[in-house]
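Quick note on labels: first sequence line is chain A, next is B, and so on, each numbered from 1. This one's a predicted model, so the numbers in the text were calculated from it and none came from an experiment.
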Protein chains: 2
Amino acid sequence: MRKDAVHNRERLLRAARSLFADRGLDVPLEEIARTAGVSIGTLYNRFPTRQALVDAVFEDRTAVVARLAEEALAADDAWEGFVAFLTGVCELQAADLGYNDVAVRGAAAGESAGGYSLMRRIVARAHASGQLRADVTLEDMAFVTWGIAATVRATFRVAPGAWRRHLALTLDGLRASSAARTGPLPAPPLTPEQTAALMPECG
Amino acid sequence: MRKDAVHNRERLLRAARSLFADRGLDVPLEEIARTAGVSIGTLYNRFPTRQALVDAVFEDRTAVVARLAEEALAADDAWEGFVAFLTGVCELQAADLGYNDVAVRGAAAGESAGGYSLMRRIVARAHASGQLRADVTLEDMAFVTWGIAATVRATFRVAPGAWRRHLALTLDGLRASSAARTGPLPAPPLTPEQTAALMPECG
DNA sequence: AACGAAGGTGAGGCGCCTCTCAGGTTGCGC
DNA sequence: GCGCAACCTGAGAGGCGCCTCACCTTCGTT
């Protein structure tokens with residue numbers, strides 16, 4: 001790839017990163033090109049589809065989530081690790097409206113098979129320590145992602161930190177001590193197949 | 001209003017109701033008119049803005065929610081009433097993608113000042129019975145609405161009942177017994193002013 | 001039955017966004 | 001410094017949805 005092409009690619013990514021973060025994934029491509037100081041044609045040269053651009057912009061997030069997951073597994077207390085991981089993911093969602101959209105549209109927290117299998121271990125460890133309620137599964141983590149994403153979207157202008165309260169309540173519902181209910185949960189967890197249908201990236 | 005105008009109005013409402021339910025609030029107005037067997041001009045004659053149409057379509061929901069609230073207050077057990085109310089509202093959201101959108105965009109569960117003050121009583125009663133955790137407020141109900149709405153949107157095609165599981169976990173987090181955490185919730189509840197800013201209908 | 005007001009119609013203007021392509025420009029290996 | 005492949009450009013075609021308005025039809029009243 002030629003030097004100017006690389007340069008333009010970077011300018012486009014910078015512009016897209018910033019606009020996505022502020023306004024979500026639905027920014028006009030023309031505006032991204034203009035912000036980058038480049039023509040719309042060049043944008044299409046570098047990124048043939050909108051999805052290609054989105055993927056490139058959020059590529060690094062996979063590694064960030066993986067690092068969060070590893071830190072969670074390294075935590076002394078399994079529950080604290082579990083909480084820290086979900087909090088970290090939600091912080092990413094809250095800090096970037098574009099990533100928030102990504103979390104809703106497809107790859108929830110654990111995009112990519114790698115992150116997903118780390119998450120499985122975080123959940124397993126929290127189960128083993130007896131602090132995560134036994135009837136909750138890995139697939140239920142999507143509920144957390146979707147719920148917090150929705151609260152972030154609704155409140156980020158008026159009450160930027162409100163999602164932390166929502167998350168805290170959600171996490172309290174996932175504690176083993178909360179399972180003191182009559183009977184089992186009213187619906188089975190999403191199957192891995194259903195999860196895969198909803199979030200293809202989480203092989 | 002002339003007879004044919006009334007007739008067309010009803011045809012438009014029927015068409016809008018059905019399309020909104022299946023596809024959410026973002027259906028083209030032209031398609032609604034076509035489905036109603038009426039011209040786009042007539043749609044604009046009856047409903048000068050999209051919002052006017054949406055309001056008319058979901059007008060009756062206010063009464064439904066109010067009835068749910070009254071039933072909740074009449075329940076023997078305060079917590080059961082609380083759960084029944086939120087379940088009922090979420091059932092409305094799950095049954096109608098358009099109403100689901102309405103719940104997200106503005107008036108959450110309790111649209112209209114009337115429904116909202118009934119909700120306040122439901123929460124107060126659940127507090128008084130000691131079953132709803134004390135640090136949860138009326139304003140926190142919006143988290144439930146937003147969260148379930150997001151899960152409904154994400155799963156309704158692949159796993160239509162999955163939201164019930166999400167709701168059950170959420171409700172478990174709202175039980176008094178779940179408050180066994182270290183320290184207070186990490187963020188204050190939304191203030192009534194913030195809630196009003198987000199959902200103007202809930203005076 | 002005749003008339004005026006209310007209502008219906010749909011082509012067309014407008015704005016917004018996506019995507020293409022013919023023509024001009026530039027980096028880079030030789 | 002030649003030449004070509006890679007690259008950039010931006011006008012414009014095309015699609016979609018919103019909304020208007022000039023013209024025609026129908027209702028309902030007298």
Side-chain angles (χ1 to χ4, degrees), chain A residues 1-59 96-102 104-106 153, chain B residues 1-59 96-102 104-106 153:
Chain A
M1 199 155 86
R2 243 166 61 177
K3 190 171 53 177
D4 54 346
V6 175
H7 182 229
N8 284 337
R9 193 186 132 92
E10 241 127 61
R11 305 229 297 170
L12 283 164
L13 283 177
R14 253 198 303 280
R17 227 185 299 274
S18 154
L19 288 170
F20 285 162
D22 288 349
R23 314 229 310 263
L25 247 34
D26 284 335
V27 182
L29 295 178
E30 312 238 23
E31 188 170 353
I32 294 174
R34 197 178 340 120
T35 305
V38 139
S39 83
I40 180 67
T42 297
L43 189 155
Y44 277 94
N45 278 345
R46 297 293 121 243
F47 305 99
T49 68
R50 186 185 208 94
Q51 189 57 46
L53 175 59
V54 170
D55 287 348
V57 163
F58 295 106
E59 199 184 9
D96 188 319
L97 224 47
Y99 187 65
N100 198 51
D101 285 351
V102 170
V104 173
R105 317 261 244 250
R153 261 240 172 253
Chain B
M1 200 155 88
R2 244 166 60 177
K3 190 171 55 178
D4 54 345
V6 175
H7 181 229
N8 282 336
R9 193 186 131 92
E10 241 127 61
R11 305 230 297 171
L12 282 164
L13 282 176
R14 253 198 304 281
R17 229 186 297 275
S18 154
L19 288 169
F20 284 162
D22 288 348
R23 315 229 309 264
L25 247 32
D26 284 335
V27 181
L29 295 178
E30 313 241 17
E31 188 170 352
I32 294 174
R34 198 179 340 120
T35 305
V38 137
S39 83
I40 180 68
T42 296
L43 189 155
Y44 277 95
N45 278 346
R46 298 292 123 243
F47 305 100
T49 68
R50 185 185 208 95
Q51 190 56 47
L53 176 59
V54 171
D55 287 348
V57 164
F58 295 107
E59 200 184 7
D96 188 319
L97 225 47
Y99 187 66
N100 198 50
D101 285 351
V102 170
V104 173
R105 316 262 243 251
R153 260 239 173 256

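Candidate nucleotides C:dG8, C:dT18, D:dT9 were compared by shortest atom distance to the side chain of A:S39, and D:dT9 ranks first. Each of C:dG27, D:dC7, C:dG10 was ranked by its minimum atom distance to the side chain of A:N45; first place goes to D:dC7. For A:Y44, taking side-chain heavy atoms from C-beta onward, the closest of the listed nucleotides D:dC18, C:dT20, D:dT9 is C:dT20.
Side-chain nitrogen and oxygen atoms of B:N8 include none within less than 4.0 Å of the OP1 or OP2 phosphate oxygen of C:dG7. Applying the 4.0 Å criterion to OP1 and OP2 of D:dC8, one finds that A:R46 has a side-chain N or O inside that range. Between B:T42 and C:dT9 there is a side-chain N or O to OP1 or OP2 distance below 4.0 Å.
A:L29 places its CG atom 4 Å from the P atom of C:dT18, with the value rounded to the nearest Å. A straight line from CD of B:E10 to P of C:dG8 spans 13 Å, rounded to a whole angstrom. Atom pair B:R34:CZ and C:dG8:P shows a separation of 19 Å (rounding to whole Å applied). Straight-line distance from the CZ atom of A:R50 to the C1' atom of C:dC19: 12 Å, rounded to whole Å. Here the P atom of nucleotide D:dT26 and the NE2 atom of B:H7 are 15 Å apart, to the nearest Å. Separating the CG atom of A:L12 from the C1' atom of D:dC7 is a distance of 13 Å, rounded to the nearest angstrom. Rounded to an integer number of Å, the gap from CD of B:Q51 to P of D:dC19 is 12 Å. Look at CG on B:L53: it is 11 Å from P on D:dC18, rounded to the nearest Å.
A donor-acceptor contact under 3.5 Å is not formed by the side chain of B:E30 with the base of D:dC16. Side-chain to base pairing of A:R2 with C:dT26: one donor and one acceptor N or O lie within less than 3.5 Å of each other.
Nucleic acid contact for B:I40: base, since at least one base atom lies under 4.0 Å from a heavy atom of the residue. Within 4.0 Å of A:D4, counting heavy atoms only, lie sugar-phosphate atoms of the nucleic acid but no base atom.
Summarising the geometry, atom CZ belonging to A:R34 is positioned 12.0 Å from atom CG belonging to A:L43; distances are rounded to the nearest 0.5 Å.
For A:S18 (side chain) and A:R14 (main-chain N/O), no donor-acceptor pair under 3.5 Å exists by modelled atom type.
Salt bridge A:R105/A:D26: present, at least one basic N to carboxylate O contact under 4.0 Å. A salt bridge is absent between A:E10 and A:R46: the closest approach of a Lys/Arg side-chain nitrogen to an acidic carboxylate oxygen does not fall below 4.0 angstrom. With salt bridges taken as basic N to acidic carboxylate O contacts below 4.0 Å, none links A:D101 and A:R50.
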